[in-house]
Amino acid sequence: MYRRSLQFATTGLVRVSASRAAAVSSVGKVLDHEACFRAPAACQQTKVSSPAVTTCRTLHTTTQKIKIAAVRMYTCCVERINYDEFFEKCSLPDTLNSWFLVVQLHVWMCLVRLRQEGREGKFMCRYVVHSMWEDVEHRCKIMGIEATQRKEAIKAMTETFYAAIFGYDEGILSDDCILAAALWRNVFNHECEDPAQLELMVEYVRKQMQFIDSLDGEDLLLTGEVKWRPMVEENAQSILKAVKPTYNDAGL
């Protein structure tokens, strides 16, 4: 039940954001028209748009596109993962907590990539994380968890998430031993007795990070499209050329 698809939620948010963008565009035209009357005679004659209104409208449209891309990126972290393979290879129980540990690992990898894209990337990071917590709360409600228990569970997950981020950041910047320790604490919950499982996960994280680093930053900010490499593959050192995503002029 906790693995319920996010497709309906993503589609709804895209439609709402598109409607809001259209509404803002209409309001912008009205404001632009009024501003023209308040402007000097030259503006009235040429009907030139007010720079302040145009800039505001452009920033709002860009913000909406980034929000939509953030939801799509989070959806890629949730719906493009083979959880059965993860649970089997890592000997994890099939529970909501195990699902969250796998998801937060992929969300973290996306956050690392987005931080390289400056102010827009950091802004998108906020909405990726926001989408994650909304999704977690929604899944808890579907499972029938009471409000008090749900609040406590999300609080514990929040602490786990930010502790994991610090550990993963240290691991990705250090050697494989540090990264393995972070994975042992956060994915395996201090209960991994098979070194091969840790080795597999270290290899998995390294190759995923190498792969998403090859993705174009502008495309990530516009589409949020991320495809993950298989957990087990014959030549893990090879980096496949990322397929350039397609989108229309509106970034949808």
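Below, each value reflects all heavy atoms present in this structure, side chains not excepted, and no hydrogens, waters or symmetry copies.
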Any [X] side-chain heavy atom under 4.5 Å of [Y] side chain:
X: E134; Y: S131; answer: no
X: F100; Y: R139; answer: no
X: Y83; Y: V103; answer: yes
X: L215; Y: K227; answer: no
X: V71; Y: K67; answer: no
X: W99; Y: V136; answer: yes
X: C140; Y: L96; answer: yes

Between [X] (side chain only) and [Y] (backbone N and O only), is there a donor and an acceptor less than 3.5 Å apart?
X: T223; Y: L220; value: no
X: Q208; Y: M109; value: no
X: S98; Y: L92; value: no
X: R80; Y: V226; value: yes
X: Y204; Y: V232; value: no
X: R72; Y: G224; value: no
X: K207; Y: M231; value: yes

List, one per line, each side-chain donor-acceptor pair under 3.5 Å for residues 162-175, sequence neighbours excluded.
residue : atom : partner : partner atom : Å
D169    : OD1  : W108    : NE1          : 2.8
S174    : OG   : E170    : O            : 2.6
D175    : OD1  : C177    : N            : 3.2
D175    : OD1  : I178    : N            : 3.1

Taking the six-membered ring for Trp, are Y127 and W133 closer than 6.0 Å centroid to centroid?
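For Y127 and W133, the ring centres are not under 6.0 Å apart.
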F86 and H106: aromatic ring centres closer than 6.0 Å?
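When the ring centroids of F86 and H106 are compared, they turn out to be within the sub-6.0 Å range.
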Count the heavy atoms of every other residue, nucleotide or ligand shown that sit under 6.0 Å from CD of E199, and state whether that count exceeds 12.
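At most 12 heavy atoms, drawn from other residues, nucleotides or ligands, come within 6.0 Å of this atom.
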Would E146 and T148 satisfy side-chain contact (heavy atoms from CB on, under 4.5 Å), going step by step from the backbone distance to the final call?
CA-CA 6 Å; E146 296 181 358; T148 304; 5.6 Å; no
Spacing of [X] atom [atom1] and [Y] atom [atom2] [to the nearest 0.5 Å]:
X: L222; Y: T62; atom1: CG; atom2: OG1; result: 10.0 Å
X: L114; Y: E120; atom1: CG; atom2: CD; result: 11.0 Å
X: K151; Y: I145; atom1: NZ; atom2: CD1; result: 15.5 Å
X: R150; Y: K141; atom1: CZ; atom2: NZ; result: 5.0 Å
X: M73; Y: C125; atom1: CE; atom2: SG; result: 8.5 Å
X: L198; Y: E203; atom1: CG; atom2: CD; result: 13.0 Å

Test side-chain hydrogen bond (donor to acceptor under 3.5 Å, both in side chains) applied to N82 - qualifying residues, sequence neighbours left out
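So N82 forms no side-chain hydrogen bond (donor to acceptor under 3.5 Å, both in side chains) with any residue.
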Verdict with supporting geometry, Y74 and H130, side-chain contact (heavy atoms from CB on, under 4.5 Å):
CA-CA 10 Å; Y74 173 69; H130 178 74; over 6 Å; no
Looking only at heavy atoms, which two atoms of [X] and [Y] are closest? And how far apart?
X: D216; Y: R113; value: C-NH2, 4.1 Å
X: M201; Y: C90; value: SD-SG, 3.6 Å
X: C77; Y: W228; value: SG-CZ2, 3.9 Å

Could you tell me whether R229 and E233 have a side-chain N and a carboxylate O separated by less than 4.0 Å?
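The answer is yes: the pair qualifies as a salt bridge.
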Side-chain atoms of residues 182-194: list all donor-acceptor pairs with protein atoms under 3.5 Å, sequence neighbours left out, distances to 0.1 Å.
residue : atom : partner : partner atom : Å
N186    : ND2  : A182    : O            : 2.7
D194    : OD1  : A196    : N            : 3.0

Does the side-chain contact (heavy atoms from CB on, under 4.5 Å) test come out yes or no for R206 and D176, once each step is laid out?
CA-CA 9 Å; R206 292 290 187 191; D176 288 348; 3.0 Å; yes
